[in-house]
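Labels below follow one simple rule: chain letters A, B, ... track the order of the sequence lines, proteins then strands, and each chain is numbered from 1. Note that this is a predicted model, so its numbers are computed, not measured.
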Protein chains: 2
Amino acid sequence: MYTATVDTQERLIESTRELLWERGYVATSPKAIQQRAGAGQGSMYHHFAGKRELALAAIRRTAEQLRAAADAELSAPGTAAQRITGYLRRDREVQKGCPIGRLTQDPDVMADPLLREPVEQTFAWLRTRLAEVLAAGRDAGEFDPGLDPRATAAVVVAVLQGGYVVARAADRDDPFDQAVTGVLALLTRPTT
Amino acid sequence: MYTATVDTQERLIESTRELLWERGYVATSPKAIQQRAGAGQGSMYHHFAGKRELALAAIRRTAEQLRAAADAELSAPGTAAQRITGYLRRDREVQKGCPIGRLTQDPDVMADPLLREPVEQTFAWLRTRLAEVLAAGRDAGEFDPGLDPRATAAVVVAVLQGGYVVARAADRDDPFDQAVTGVLALLTRPTT
DNA sequence: GTCTATAGCAAGATAGAC
DNA sequence: GTCTATCTTGCTATAGAC
């Protein structure tokens, strides 16, 4: 059985994903979700137990997509340096920031184990995956032989997340771009 | 004329600073501020026009302190590398994050020019100051001669801000410590 | 499945007594 | 300066009709 258009449940999840990205969990009301989804009060509470359940579905989907997108870059053909560069330089909505990273600042999300879990897992996976790529690059002679894959993976993730913060503070994208450029320069400059 | 103890106005500002740090602007209510300050409703509205005015005073003070603390490290005696290391390795409440950087994720703060201004200025100053120190270090032969001070300053700030994000996601401090260690290793490794 | 009505409660602020 | 009472609005959810 197929529906002709995107159904209400689907629109509710997508609206929630957008609002969580734009405003966060605490600042997002059920009413705002309903309006954006074009759904009524009763409709929303028919499909979901409440704001929390909706957020859970939204966060899980966003985490899944983020991971798939990152893995596409990091598992692409090319050298380790090329893959890391591709990942860092990918087109991003810098002013909107990271839809998962921003949840980290939401006290009600972090206080809820179920809402928190996808956030935690996403970053754990990302650091591990980056460390693998960095280790491969080091072993292939692309980077400094003394490079610590895990520490450097933490740097790469932090530069992205922090780049968003600084860019938002400046109300411009270029601090983000500078940070990305800067870390790539540090990473790939010629080895002794 | 001196008051024997810290007065109400002062306690209100300090309570607001704490709550903005812990929960952000949107999630902080006047009632919560009053309770933490041990002040009544009428007392708060006597001293401040409302939540926004209080937040403005709190944010400005926090920005001022953050800047003074950073400048103390960055203007300390020692080489550029030592000062940057001292700044990055200073004792921090990693799980609480940056009291200014977190405001960046608060839609209502960023939408208000007056509340936003100290956030913007703090980061603008910090990047400039770090770039000065990095340029001095490069000119003194401490870093790679090809180092871009502005881009690298953006990296340093981003690593801090992003380090907080990743540490909160992991519910542990070590991703932050790894990022700091990693970026210092990239920065100070021997030049060709 | 979706709608409207209703409800309890908190946010944010004002008024006026003391 | 501080207190209590009051007000309006929005949040979040439930109830029951359609």
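Look at CD on A:Glu53: it is 14 Å from C1' on D:dT12, rounded to the nearest Å. Nucleotide D:dA13 holds its P atom 13 Å from the CZ atom of A:Phe48, rounded to whole Å. In this entry the distance linking OH of A:Tyr45 with P of D:dA13 reads 4 Å, nearest Å. Going from atom CG of A:Leu54 over to atom P of D:dT12 covers 12 Å, rounded to whole Å. Residue A:Gln34 contributes atom CD, which lies 10 Å from atom C1' of D:dA13 at whole-angstrom precision.
In this structure, B:Arg92 satisfies the cation-pi test against B:Tyr87, with its NZ or CZ atom closer than 6.0 Å to the six-membered ring centre and inside 45 degrees of the ring normal.
Sequence neighbours left out, the pairs with a member in residues 99-113 of chain B that pass salt bridge (charged side-chain N to carboxylate O under 4.0 Å, His left out) are A:Arg23-B:Asp108, B:Arg52-B:Asp112.
Neither OP1 nor OP2 of D:dG10 sits under 4.0 Å from any side-chain N or O of A:Ser29.
Here B:Arg83 does not pair with B:Glu142 in a salt bridge; the nearest charged N to carboxylate O distance is not below 4.0 Å.
Of the possible polar contacts, none joining the A:Glu73 side chain to the A:Arg90 backbone as a donor-acceptor pair under 3.5 Å is found. Side-chain N or O atoms of B:Asp174 include none that pairs as donor or acceptor with a backbone N or O of B:Asp177 at under 3.5 Å.
Here chain A contacts DNA chain C (any atom closer than 4.0 Å to a heavy atom, that is under 4.0 Å), and the contacts span C:dG1 to C:dT4 from 5' to 3'.
Toward the 5' end of DNA chain D, the nearer of the two residues B:Ala39 and A:Thr28, judged by each one's closest nucleotide, is B:Ala39.
Within 4.0 Å of A:Gly50, counting heavy atoms only, lie sugar-phosphate atoms of the nucleic acid but no base atom. Backbone-only engagement by B:Gly40 is indicated by non-hydrogen atom pairs under 4.0 Å involving sugar-phosphate atoms exclusively.
Counting heavy-atom neighbours within 6.0 Å of B:Gln95 CD, excluding the residue itself, gives a total above 12.
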